[in-house]
Amino acid sequence: MNDVTSELNSIKRTRKIVNSAVWAIAGGAILFSLMTGAPLVSEHSEWRWTGWVLPALVDAALVLSLSADAVLSRYGVKGGRWPTWFRWITGLASLFLNTWGSYSTGDKVGVAIHSIAPVILICTSEVAPIYRRKFRDLELEITGQVTELKVTKVVSTRKVQSSPEESSQVTSSEVTGSQVTKAEVTSPGSDDELTENQRAIRDGYLNQRKAADVAKEIGVSPSYVSRQYKKIRQELALTA
């Protein structure tokens, strides 16, 4: 279980690094775009001091797209065609504002240099949602494995008192169709080490089944399964 938990933590750390890198790229590209696009717009505006407004508007649209995708990707939702068009239109607008000044003067090197930031930003806006959805799917998959291992451990280490009085009490008050015996007490390990009742209780908990339904299926009282569910929840809360 330690290996799986370590893998989950590694995925979470990488996801945070990717998110930080996305916003670092966006911030750098926006700053560069403002410095490059503002002079171009100022030259074609009646009020030269307003040159920064249009580049800021374009960059704000890209920030809007990145922010929306960040939330949607967290739930595995794709934006669809319109958000994609929105990203590309704003990205191409940023590319135009950054490169037209150099293009109009025939400065090919300037065009290449000033196109780097908007192109990277366009690509980032496209791949960021994909990365986020992939990391989300991985986290959900690994989290499910960790939870299953923890529940298996809790169920397999459940102690049954060996005194005749308590054993009789368990048999008479909790078990109707099958008895809980010492054979159910196993060391934490694989699924093969669990008894049928333990597997049923574990799977019932993981699948969010009602305690009454599980109890009816394995032939024990609902109160018994409910107590096992409660123990599992308590153990999971302690190890969270």
To the nearest 0.5 angstrom, please state how far the OG atom of Ser221 sits from the NZ atom of Lys216.
15.0 Å
Looking only at heavy atoms, what is the nearest atom pair of Pro118 and Gly91, with distance?
CB-O, 4.5 Å
Should Ile30 and Ile25 be counted in the same cluster of Ile, Leu, Val, Met, Phe, Trp and Tyr side chains packed under 4.5 Å apart?
no
Are Ile11 and Val127 connected in the hydrophobic side-chain network, where two residues link if heavy atoms are under 4.5 Å apart?
yes
What is the minimum heavy-atom distance between Arg87 and Ser65, and which atoms define it?
CG-OG, 2.6 Å
Pair Arg132, Asn19 - check side-chain contact (heavy atoms from CB on, under 4.5 Å), show working.
CA-CA 8 Å; Arg132 284 165 173 157; Asn19 284 333; 3.0 Å; yes
Backbone N/O of Val111 and side chain of Ser115: donor-acceptor pair under 3.5 Å:
yes
Heavy atoms only: give me the nearest His44-Leu40 pair and the separation to one decimal.
ND1-O, 3.0 Å
Any chance you could lay out the side-chain contact (heavy atoms from CB on, under 4.5 Å) test for Val41 and Val53, step after step, and finish with the verdict?
CA-CA 9 Å; Val41 178; Val53 175; over 6 Å; no
With clusters defined by side-chain heavy atoms of hydrophobic residues (ILVMFWY) lying less than 4.5 Å apart, directly or transitively, does Val58 cluster with Phe86?
no
Quick one: pull up NZ in Lys230 and CD1 in Ile232 and give me the separation to the nearest 0.5 Å.
13.5 Å
Quick check for you: to the nearest 0.5 Å, what is the distance between Leu54 atom CG and Asp59 atom CG?
9.5 Å
Check Val22 against Leu66 and note the closest heavy-atom contact, atom names and distance.
CG1-CD2, 4.3 Å
In this structure, CD of Gln228 is separated from OG of Ser223 (nearest 0.5 Å) by 10.0 Å
Evaluation steps, side-chain contact (heavy atoms from CB on, under 4.5 Å), between Tyr224 and Ile201:
CA-CA 10 Å; Tyr224 171 73; Ile201 292 173; 4.1 Å; yes
Are Leu72 and Leu62 connected in the hydrophobic side-chain network, where two residues link if heavy atoms are under 4.5 Å apart?
no
Got Arg13 and Asn9 here, is their nearest side-chain heavy-atom distance under 4.5 Å?
yes
Please determine whether the number of non-hydrogen atoms from other residues, nucleotides or ligands lying under 6.0 Å from atom OH of Tyr229 exceeds 12.
yes
Take Glu126 and Thr84, measure what side-chain contact (heavy atoms from CB on, under 4.5 Å) needs, and give me the verdict at the end.
CA-CA 8 Å; Glu126 287 299 313; Thr84 301; 4.1 Å; yes
For atom CH2 of Trp23, is the number of surrounding heavy atoms from other residues, nucleotides or ligands below 6.0 Å larger than 12?
yes
From Arg136 CZ over to Leu140 CG, what is the distance, rounded to the nearest 0.5 angstrom?
4.5 Å
Val119 pairs by side chain to side chain contact (heavy atoms under 4.5 Å, CB included) with which of Leu95, Thr124, Thr99, Asn98?
Leu95
Would you find a donor on one side and an acceptor on the other, under 3.5 Å apart, between the side chain of Thr36 and the backbone of Ser33?
no
What are the two closest heavy atoms between Ser73 and Asp69, and how far apart are they?
OG-O, 2.7 Å
Working to the nearest 0.5 Å, report the span between CD of Glu141 and CD of Glu7.
8.5 Å
Does Leu206 share a hydrophobic cluster with Val214, counting links as ILVMFWY side-chain heavy atoms below 4.5 Å and allowing steps through other members?
yes
For Ala211 versus Pro222, what's the shortest heavy-atom pair and its separation?
CB-O, 4.2 Å
